[in-house]
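Reading through the structure tokens given below for one structure.
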Amino acid sequence: GQQLLYALDEQVRRWEVKGKITKYEFWEYIRAIKNKDGIVRGLVAQNMNSNEIKAFPADVVILATGGPGQVFGRCTASTICNGSAVSSAYQQGAHIGNPEFIQIHPTAIPGSDKNRLMSEACRGEGGRVWTYKDGKPWYFLEEMYPAYGNLVPRDVASRAIFKVCVHMGLGVNNGRRVYLDLSHIPADYLEHKLGGILEMYSEFVGQDPRKVPMEIFPSVHYSMGGIWVDRMHHTNIPGLMAAGECDHQYHGANRLGANSLLSASYSGYVAGPESLRWARSGELGAALTEEEMEAARKECVAEFDKIRNMTGSENAHKLHQEMGEIMYDYVSIERDNKGLDICLEKLKGILKRWDDIGVTDHGTWANQEAMFVRQLRNMILYAMAVTKAARARDESRGAHAKILLDDKGERMTDADGELMFYGRDDERFMKTSIVDYDPQTEEPIISYMDFEHSLIKARARNYAVAKKE
């Protein structure tokens with residue numbers, strides 16, 4: 001991923017030097033601008049330093065704004081990955097596809113600011129996950145899934161770690177941690193294969209993973225869902241396209257390791273030429289007038305000024321922390337309908353409390369606080385979309401694992417005391433979830449869309465036994 005980023009930056013600089021593109025760094029997308037026919041022909045953005053708000057004309061707008069990890073408070077992605085742009089498009093009428101499918105990565109370093117990824121490469125190179133049981137190391141993934149051991153998919157490993165720490169109380173020092181152990185592998189080999197990862201752990205934790213096991217716990221990592229797009233990456237709003245993690249394509253209910261790089265590269269490979277074709281197609285409709293652009297800009301300026309002058313009693317960062325905690329509690333590794341109902345009501349309460357936020361910075365230069373307040377409202381609305389889509393999907397599929405409840409609303413267990421989960425229901429739910437925004441109630445509306453899957457026969461996943469040839 002880092003190498004792809006370097007290559008992209010290099011190419012952008014190359015074309016920038018040639019005068020072929022203009023790069024606007026430290027500008028934040030606010031909203032799209034539609035012409036009188038409902039076709040997107042521009043956007044409004046804000047300079048994050050000067051706080052200038054400007055309207056830009058466009059032939060086509062492509063969103064490539066990443067995932068919504070900050071909706072969960074902390075995640076492995078950058079702290080700017082908040083889903084605000086996706087939520088903005090959603091509020092302007094874009095379908096959201098499969099938002100309930102949130103990937104949890106099993107091996108991350110929990111942090112106060114963000115969680116830091118310990119790559120799957122650690123397990124791929126022979127790392128073993130364990131904790132103490134009865135005073136002895138217990139390699140529980142190897143025991144639970146003997147055919148795959150530590151190489152089970154991310155959702156399976158995450159649920160196993162959660163079970164060991166939370167339900168069995170066997171986390172390191174009785175906390176939410178288990179060990180990811182590389183100390184049995186020769187140090188020079190680790191340095192050659194995993195040097196960057198090990199350096200990061202040493203820097204943030206202060207321990208050498210070549211000598212002692214790393215302490216890790218699952219973290220929100222990636223969103224399989226996002227803005228609904230067709231095969232050419234058009235959204236349902238003409239003139240608006242999406243590519244990368246912010247779109248819903250390719251991954252379904254569960255992304256495989258490294259496929260984020262594949263989908264980001266491929267979606268850009270498709271969306272770029274397609275945007276040029278669309279721009280030359282003659283289907284764009286009328287360009288925006290100066291009056292239309294100025295009206296959109298003034299609307300965003302008025303919104304920002306209103307936020308700058310908020311003097312309520314609520315702290316935006318505390319509301320964000322509260323939202324992240326309830327999303328982790330009810331909509332992450334384990335889900336049940338009772339918890340999802342509670343979460344949705346709490347999110348509605350947080351949305352209402354947003355109106356009573358007070359800001360400490362009322363200035364018009366580099367006012368990051370006011371920008372965050374705007375982003376927070378978008379995050380809350382997107383969190384509601386994720387939660388309601390999860391509530392509506394009464395099955396377990398990929399990263400969406402839903403626990404069965406009895407008539408009293410209590411979680412059901414089998415004869416061995418293990419939690420019972422919904423099975424996969426292909427007849428009802430082998431479909432794309434579509435979430436639309438209701439501007440009157442601000443609530444999500446859930447529907448389903450069929451998709452083409454006739455070329456690959458669906459089958460159940462079973463990691464307790466070896467794959468049959």
Side-chain angles (χ1 to χ4, degrees), residues 1-2 4-5 64-83 86 98-124 127 129 141 150-162 165-166 176-178 180 194 196-197 200-201 204 214-226 244-265 267 323-325 327-335 379 382-383 386-387 389-390 397-401:
Q2 192 177 49
L4 287 175
L5 192 63
T65 53
Q70 287 296 311
V71 165
F72 288 80
R74 291 193 302 273
C75 66
T76 60
S78 167
T79 54
I80 65 169
C81 292
N82 51 42
V86 172
N98 292 334
E100 67 269 38
F101 295 125
I102 300 290
Q103 182 166 88
I104 312 293
H105 199 288
T107 58
I109 314 168
S112 58
D113 55 343
K114 69 183 295 291
N115 300 328
R116 290 171 174 84
L117 182 68
M118 284 293 100
S119 169
E120 216 135 40
C122 293
R123 289 185 288 142
V129 177
L141 288 178
N150 296 287
L151 300 180
V152 289
R154 294 171 177 179
D155 64 307
V156 176
S158 294
R159 284 194 288 274
I161 294 169
F162 189 85
C165 292
V166 177
R176 294 194 173 196
R177 302 280 195 284
V178 294
L180 173 59
L194 304 170
I197 301 169
M200 182 172 68
Y201 186 86
F204 285 101
M214 296 182 282
E215 293 185 14
I216 53 90
F217 192 72
S219 170
V220 167
H221 179 56
Y222 188 89
S223 174
M224 277 72 76
E245 189 179 348
C246 75
D247 78 45
H248 94 295
Q249 275 282 32
Y250 308 117
H251 303 299
N254 209 18
R255 176 176 72 78
L256 297 178
N259 270 5
S260 60
L261 309 182
L262 182 66
S263 66
S265 302
S267 62
M323 176 182 70
E325 288 172 353
M327 289 297 287
Y328 257 107
D329 287 343
Y330 298 115
V331 203
S332 59
I333 297 175
E334 293 180 351
R335 303 168 172 179
M379 282 191 271
Y382 194 81
V386 172
T387 304
R397 181 180 298 273
H400 172 71

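Since we're looking at a predicted model, the values are computed, not measured.
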Check: [X] side chain, [Y] main-chain N or O, donor-acceptor pair, under 3.5 Å:
| X | Y | result |
| --- | --- | --- |
| R123 | V152 | yes |
| Q70 | G83 | no |
| S263 | S260 | yes |
| R176 | F217 | no |
| Q103 | R255 | yes |
| N150 | V129 | yes |
| Y250 | M224 | no |
| K114 | T76 | yes |

Where does the angle between the aromatic ring planes of H221 and H105 fall among parallel (under 30°), tilted (30 to 60°) and perpendicular (over 60°)?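 Because their plane-to-plane angle is over 60°, the rings of H221 and H105 count as perpendicular.
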
State whether the number of non-hydrogen atoms from other residues, nucleotides or ligands found under 6.0 Å of L4 atom CG is greater than 12.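 More than 12 heavy atoms, drawn from other residues, nucleotides or ligands, come within 6.0 Å of this atom.
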
Spacing of [X] atom [atom1] and [Y] atom [atom2] [to the nearest 0.5 Å]:
| X | Y | atom1 | atom2 | answer |
| --- | --- | --- | --- | --- |
| Y222 | I104 | OH | CD1 | 14.0 Å |
| D155 | N254 | CG | CG | 4.0 Å |
| F72 | D329 | CZ | CG | 11.0 Å |
| Y201 | C122 | OH | SG | 10.5 Å |

Centroid-centroid under 6.0 Å between H251 and F101 rings: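 Between F101 and H251, which both carry aromatic rings, the centre distance is not below 6.0 Å.
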
A side-chain contact here means heavy atoms from C-beta on lying under 4.5 Å apart; do M327 and T387 qualify?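 Heavy-atom side-chain distance check passes, below 4.5 Å.
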
